[in-house]
Amino acid sequence: MTPAGSLLIAEGLHKSYGPTPALDGADFSIHPGEVVAVMGPSGSGKSTLLHCLAGIVTPDSGTVNYSGRQLSAMPDSRRSALRRGEFGFVFQFGQLVPELSCVENVALPLRLNGVRRKEAESRALAWLERLEVGDVRAKRPGEVSGGQGQRVAVARALVSNPRVLFADEPTGALDSLNGERVMELLTEAARETSAAVVLVTHEARVAAYSDREVVVRDGKARDMAGVR
Amino acid sequence: MSGTGNVTPLRGTEERAREHAHAAGQAPQTPPARPEPRQRVGPARWAADLATGARFAVSGGRESWTRTLLTAVGVGLGVALLLIAAAVPHIVSARDDRTSARSYTNSYSSDVKPGPDTVRLGFGSTTYRGSDITGLLLAPDGDRPALPPGVDRIPATGEMVVSPALKKLLADGDNKLLRERLDYKIVDTIGDEGLAGPAELFYYAGVGPDAVEDVSSRLDHWGVNSPTQEELDPVLLLLIVVGCVVLLLPVAIFIATAVRFGGERRDRRLAALRLVGADSRMTRRIAAGEALVGSLLGLAVGTGIFLLIRHFIGGVAVFGTSIFSSDVQPSAAITTLIMVAVPTCAVVVTQIALRSIAIEPLGVVRNTAPKPRRLWWRLLFPVLGLALLLPRLSSGTGNSGDASVYQIAAGAVLMLVGITALLPWLVEAVVNRFGGGPVPWQLATRRLQLSSGAASRAVSGITVAVAGAIAITMLFAAAESDNTTSTGQDPTRADVVAYIPVDTGAQARDAIAQYTGTKGVRDALGVTEGMVSDPNSKAKAPGDIPVQSVMVGDCRTLKELARIGDCRDGDVFVTKPAEFDDKDTYFTQPGATVNLSFDKDYNPSRSKPLLWTIPKSTPIVDLKKDPQGNEHSGILATPGALDIADLDKPSVQMMLRLDPKVPDAIEYARNTAARLSSQSDIYELRGTKQSDEFQTIKRGLFIGASATLLLIGASMIVSMLEQLRERKKLLSVLVAFGTRRATLGWSVLWQTAIPVVLGLALSVAGGIALGAILLKMVDMPIAVDWASVTTMTGIGAGVILLVTLVSMGPLWRMMRPEGLRTE
């Protein structure tokens, strides 16, 4: 797939952690509403690619262009604002704030964006119900199961209607049954809202929910569109 | 903590059921409270489990080492302070022994007849740039004079032996003024056995008999044979007792906090052990082993810090007090107690911490809906404290060494421990009422609602310190009013006053001229004071003849001594009698004749009288206190009316105003005093003065409080870093979805500030209550020094704000996206 009409384009990304190169000239692009699975073995640079695409990490060289704006040229405050308003995130571990209730966790991105508490929590509750976890709204993350917690995390990622959803091993800590249900709900909701999904996984079963796969190996990303 | 048992077939079924519940997306049930079958565990099993724990403490890579190191440093800081506190009794007694050994007060008497071993004594103490220098002038009568400790021989005339600190001070080229004042040749240094501390400024100078002529007493030995044990004032005793409690309790609390560093990570590790078959008792023993290593390392670190402090303490003088390294010897009994109590405390605290969680093979189950904290047992501490203190209200503090002192100490400890015990309940009760608010506030309050224990622990040390400090301040204020006396001096009229004994009027004139010409003296008023007697007295014994003062000075000077209107040279005035004068024998009236002559014993001379008549027209004037607060009744004469050469053995009193623009102006004046006579002295005028004992205790408490505050600050930084480290991943996730740094910064601040504000409120209330009880105990009016309360709470809040600021750097670092990396 060509970058034309892409929402998010990365070109020639290089990123090293000390002497270890994580990305070595990686390219990537994604269209609105598209679900792209980023695959690869452990330590290949998948998560680093996701962090660069989301503006969490600044690449050593190369460019990330989001909706015509150069991400790597933006100051941290602008990138943070972008992540609050237009991106959503789902991680494998440690993502819910343990002291907030589930509905407060989901409402958090809205509240960080200045939405009033009542409105934020009412929108959060709608998403919790949509993801079939409305009954745990008042519970804290420590009081719910792993599967329920992950659905809460998906609800939190989608509550601000992001244009791009970044999911880093979203089912890595779940059993297959729960993992599949979470993926179904995540991709379904993303498609309904036309959000692009960058899905980092090493599980083929999870990657099967994507429209396209990109394999990262030795810091280089290879589009598998033709292969699949 | 449930008492779930070993891995049995039944338990395995339960586990599988729970896993299934997880898989179905249901919430896990609380682990069933099944009593664990008791097994007999031999010493070998105990040792093996403890050893496993010990291995975890050091062999778990960087994380493990960091945790153990943090604990060791935390415990070590506390242990070092405890060891120093344990050494205080020896420091004090060793110091007392040395100062007693060089004391002359018991052996200095006019009854001692001159002999080969006797020494006549003069005093050459002085002050230089705010530091007191003690000096004794020695004139031996024979060839085998008694030697003070630390001195091999009495210095010959013109020589001196000095303390090493004074030698160093004199050798400094910047101190030429002092060298000029103490212009004796340094022939030796005083040994440690002759000094109170290494930084003491002390000297013995050899002088000729003339220099100590006026001193008729001599000594034949040095030292106090049986030092008198004076009973300490009850208020001062209370100050010391409560001061020690206040300084040491936060240290104990800090040690208890330090051994819990890294608890969450340890719990996860223990859960992994449960998965491979460890039962809950084994995990407790393993946790104990881990805590033991941290605390034992802490003891080693503490001993190391103590030895370092001991090594360097000799070179440091704090608030004018210095200590010999060799004096810093902790009591063997207290040291043993510390060495046993600290590891025991570590194990007990760890076991108590484990009670609030259930370590299960699938992870740590915290009491997510913890039971509300109970108030009743927390109230027991202050109630028991009050029960111990209240009976002393009527019977007072007793004497040092009395059982009542222990009762008061125990009561104060219980009151202060009560504040620590009440704080977690108060924080929980208050934060549970908080609802919405901005995101940082919500994050902070929710965190505190979920677990306020750690936050309460972090501030409990400072809470105790502030509460105790408020109580001490109230006692201080009382002690201060009791121990601070008004001098009656008026520093606005003169900066310093100097006295110079002179033999003749010419010497008096010379002394006045020398002071007037001294560099840095802006204004000098000199009055020559002599005595006159009543020549018409019918008294038989010369000693019974009434005498009055006569003061000769210029008009400006005389106006400082009495309420004089017009005045010109040649005028004479007489004053109304002062309160201390006998009105019946007050003979200095206008027209009266007075005798200016005195014999060698300083009795009025009847055989060779020198008569002088007070002019009839002499006005009678009202008395006025001089800048020193003294009244001078008698005759006031200008030099044109009475020649000072006619006065017998007059003395000169100088009132000097110094030029603030001249550095060391007072030192120049002191040098003039020293040049005029070794017996002359100079006094800085002050509105009030405090007792030496009171000042020493105040100084000691300040030193202790500074050390405690430093420790609390250090402990809070370590504990905050530990909290942040455990939330590193969560912080990174929050940053990932765009949380502003300021949001998290504010949330950290609120999270610290809420328990701090509550803690300070509690400590103010508790401190005032304790202070009021202590004041009532010593029968003093209860008064709250609000300025001090504000200062104390301000200092407490300042330390915490500082800690928060220091924590911001690590917080920013931990918010970096690196925390998101899992591989």
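What you see is a predicted model; the values in this text were computed from it and never measured. Within every chain, numbering begins at 1; the chains are lettered A, B, ... in the order of the sequence lines, protein sequences first and strands thereafter.
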Inset, instruction - Hey, could you give me the CZ/CZ distance between A:R140 and B:R446, rounded to the nearest 0.5 Å? - result: 7.5 Å
Inset, instruction - Determine whether more than 12 heavy atoms belonging to other residues, nucleotides or ligands lie under 6.0 Å from atom CG of A:N161. - result: yes
Legend entry - Contacting moiety of A:E121, where chain B heavy atoms sit under 4.5 Å: side chain
Legend entry - Side chain, backbone, both or neither of A:F87 within contact of chain B (heavy atoms, under 4.5 Å): neither
Legend entry - Between CZ on residue A:R111 and OG1 on residue B:T739, distance to nearest 0.5 Å: 12.5 Å
Legend entry - B:W746 atom CH2: more than 12 heavy-atom contacts under 6.0 Å: no
Legend entry - Contact check, side chains of B:V735 and A:R83, non-hydrogen atoms, under 4.5 Å: yes
Legend entry - Side chain, backbone, both or neither of B:P438 within contact of chain A (heavy atoms, under 4.5 Å): backbone
Legend entry - Under 4.5 Å from a heavy atom of chain B, the part of A:E132 involved: neither
Legend entry - Interface moiety of A:R79 toward chain B, non-hydrogen atoms closer than 4.5 Å: neither
Legend entry - A:R116, CZ: over 12 other non-hydrogen atoms inside 6.0 angstrom: no
Legend entry - Main-chain N/O of A:L112 paired to B:R740 side chain as donor or acceptor, under 3.5 Å: yes
Inset, instruction - Answer yes or no: is there a side-chain heavy-atom contact under 4.5 Å between B:L734 and A:L108? - result: yes
Inset, instruction - Answer yes or no: are there more than 12 heavy-atom neighbours, outside A:R205 itself, under 6.0 Å from its atom CZ? - result: yes
